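Okay, so here's the structure we're looking at.
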Amino acid sequence: MIFVTGGAGFIGANFVLDWLKQNDEPVLTLDKLTYAGNLANLASLEGDARHAFAQVDICDRAALDALYAEHRPRAVLHFAAESHVDRSIHGPGAFVQTNVVGTFTMLEAVRAYWSGLAGEAREMFRFLHVSTDEVYGSLGPDDAAFSEVTPYAPNSPYSASKAGSDHLVRAYHHTYGLPVLTTNCSNNYGPYQFPEKLIPLVIANALDGQPLPIYGDGSNVRDWLYVGDHCTAIRAVLAKGRPGEVYNVGGWNEQTNLTVVKTLCQVLDEISPRSDGASYATQITFVKDRPGHDRRYAIDARKIERELGWRPAETFETGLRKTIEWYLANGEWVRQIRSGEYQHWIETHYRNRDAAHPAKEGA
Ligand code: NAD
Ligand code: DAU
């Protein structure tokens, strides 16, 4: 069986659901169920004997040891993290705790377990660490995209804590020979993404008739990848990646935030028009920028294509449409989240972000 940490979150849940669609190898999901973890994401697996869930904090070594002893996994996919840049600016402590101390604790538990394996079980064991392109810092408009040898230059508490975790993972391979794999991926979007992140926030706010907040002038660039493509990349790295190697994963799809939001509005106008006939783009509002906001991310994903034959299957158009259709069909999932702790976050984070210059209709 495999272990998936953070499997009740956005990418982890997509991964678990995809995994069990592709094969019957059982999964144990390990998740603390923070504000971002949601068992409803895995509800379709209820009663499925191939899936089990353990509520556990990745900083809890004793709990991890007990799970390894009981289940003896052949691989661990490590998604669990504090993942939102804005929250890391408001409160960096949890990011250091989970992303650095938690990953360290995972590595120690895995090292103890793997050291006790012999023969093929030891040979074939893998620890796959899911990381981010943000560890490479920020690019200028004409800079080459991030490759696996781009020096680390993290700029937010989130990316610094992820960079710390990447370094620990690397060191456990170099020092102890632990068979690790690391993926550094660009911005994901798709079903089950918590509506604090740009794309689900904009979809939910648009449908609720609320402002669509764009930081600064909206010209920051991200490289967007549909979450299902990230899942296939991770499966490819797990199956065929070389231990100790890093694989960058990206969508070959750089977009400014303003383009992303306008495209979302266009698709919504088409498939779920406002009752007054106006475009959702009239709700766009420019707000105070994120402190230290990285200008541009871009991933050079040639290594994973060359070595493992992976390329994204979705285009931005097909992926966005699928995503919007999922949010339209899952209004109750969104409502449940937006009625809880989420309200407090939105109040705290957006209340004092004065609108800078509301966009004109059709902007
Ligand atoms: P998410 O915030 O949606 O989910 C994180 C999950 O981890 C939640 O289920 C949460 O309950 C769990 N978790 C948090 N702290 C924990 C702890 N101490 N112990 C156990 N579980 C804990 O995050 P996501 O967007 O799904 O990201 C998953 C991983 O992918 C993260 O490592 C993130 O850095 C990385 N990543 C994300 C993106 C993206 O665009 N979302 C892109 C590249 C890489
Ligand atoms: O690049 C990979 C990273 O992508 C992951 O490692 C992170 O876990 C994930 O959260 C994401 O980070 P970003 O900060 O890029 O994602 P976010 O959705 O928060 O923001 C995307 C862009 O949109 C960014 O430039 C900030 C901007 N933005 C975001 C919000 C929430 C806005 O303009 N308005 C908003 O309200």
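All ligand and atom numbering here is 1-based and tracks the order in the structure. Reckoned from all heavy atoms, side chains included, excluding hydrogens, waters and symmetry mates. For clarity, every value in this text was computed on a predicted model and none was experimentally measured.
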Atom pairs and distances, donor-acceptor, side-chain atoms in residues 174-184, under 3.5 Å, two or more places apart:
{"unit_1": "Thr175", "atom_1": "OG1", "unit_2": "Ala171", "atom_2": "O", "d": "3.0"}
{"unit_1": "Asn184", "atom_1": "ND2", "unit_2": "Thr132", "atom_2": "O", "d": "2.9"}
{"unit_1": "Asn184", "atom_1": "ND2", "unit_2": "Asp166", "atom_2": "OD2", "d": "3.1"}

Under the ring-ring contact (aromatic ring centres under 6.0 Å, His included) rule, what pairs show up with a residue in residues 133-169, not counting sequence neighbours?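 Applying ring-ring contact (aromatic ring centres under 6.0 Å, His included) to every pair that reaches into residues 133-169, excluding sequence neighbours, yields Tyr136-Phe146, Tyr136-Tyr152, Tyr152-His167.
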
Among [options], which residue places a heavy atom closest to [atom]?
| atom | options | result |
| --- | --- | --- |
| atom 20 (C) of ligand 1 | Glu82, Lys162, Lys32 | Lys32 |
| atom 9 (O) of ligand 1 | Val249, Thr29, Leu30, Asp31 | Asp31 |
| atom 14 (O) of ligand 2 | Arg290, Lys197, His84 | Arg290 |
| atom 15 (O) of ligand 2 | Asn220, Asn187, Leu258 | Asn187 |
| atom 5 (C) of ligand 1 | Ser186, Ala81, Cys59, Cys185 | Ala81 |
| atom 34 (O) of ligand 1 | Phe79, Tyr158, Phe95 | Tyr158 |

- Message: Tell me whether Tyr297 has any N or O atom under 3.5 angstrom from an N or O of ligand 2.
- Response: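 In fact, backbone or side chain, Tyr297 has no N or O that close.
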
Does Asp86, backbone or side chain, put an N or O under 3.5 Å from an N or O of ligand 2? no

query = Between Phe3 and Tyr68, is the gap from one ring center to the other below 6.0 Å?
reply = yes

Looking only at atom types and distance, does a side-chain atom of Asp294 sit under 3.5 Å from a main-chain N or O of Arg296, one as donor and one as acceptor?
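No: the side chain of Asp294 does not pair with the backbone of Arg296.
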
Is ligand 1 under 4.0 Å from a heavy atom in the side chain of [X], in the backbone, in both, or in neither?
| X | value |
| --- | --- |
| Thr98 | side chain |
| Val56 | backbone |
| His78 | neither |

Please list the nearest protein heavy atom to [atom] with its residue and the distance rounded to 0.1 Å.
| atom | result |
| --- | --- |
| atom 19 (N) of ligand 1 | Ile58 N, 3.0 Å |
| atom 26 (C) of ligand 2 | His293 NE2, 3.4 Å |
| atom 34 (N) of ligand 2 | Pro213 O, 2.9 Å |
| atom 29 (C) of ligand 2 | Tyr215 CE1, 3.5 Å |

### Message
Which label fits Tyr113 and Phe125: parallel for a plane angle under 30°, tilted from 30 to 60°, or perpendicular past 60°?
### Response
perpendicular

request  = Return the orientation label for the Phe15 and Phe79 ring planes: parallel under 30°, perpendicular over 60°, tilted otherwise.
outcome  = tilted

The answer for which part of Leu201 has a heavy atom under 4.0 Å from ligand 2 is side chain

Residues Glu305, Arg311: salt bridge by 4.0 Å N-O rule:
yes

Glu120 and Arg74 ion-paired at < 4.0 Å:
no

Checking Tyr226, Tyr189, Tyr192 against Trp326 for ring pair (Phe, Tyr, Trp, His ring centres under 6.0 Å), the one that qualifies is Tyr192

task = May I ask you to check if Lys303 and Tyr247 form a cation-pi contact, with NZ or CZ under 6.0 angstrom from the six-membered ring centre and within 45° of the axis?
result =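 Pair Lys303/Tyr247 counts as cation-pi.
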
Note to self: Would Glu196 count as a contact residue for ligand 2, given that I'm defining contact as a non-hydrogen atom of the residue lying under 4.0 Å from a ligand atom?
What the structure shows: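 It does, in that a heavy atom of Glu196 comes within the 4.0 Å cut-off of ligand 2.
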
Q) Is there a path of hydrophobic side-chain contacts, each under 4.5 Å between heavy atoms of I, L, V, M, F, W or Y residues, that connects Ile324 with Trp333? A)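 Hydrophobic grouping puts Ile324 with Trp333.
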
Quiz prompt | Heavy atom of Thr5, distance to ligand 1 below 4.0 Å | solution = no

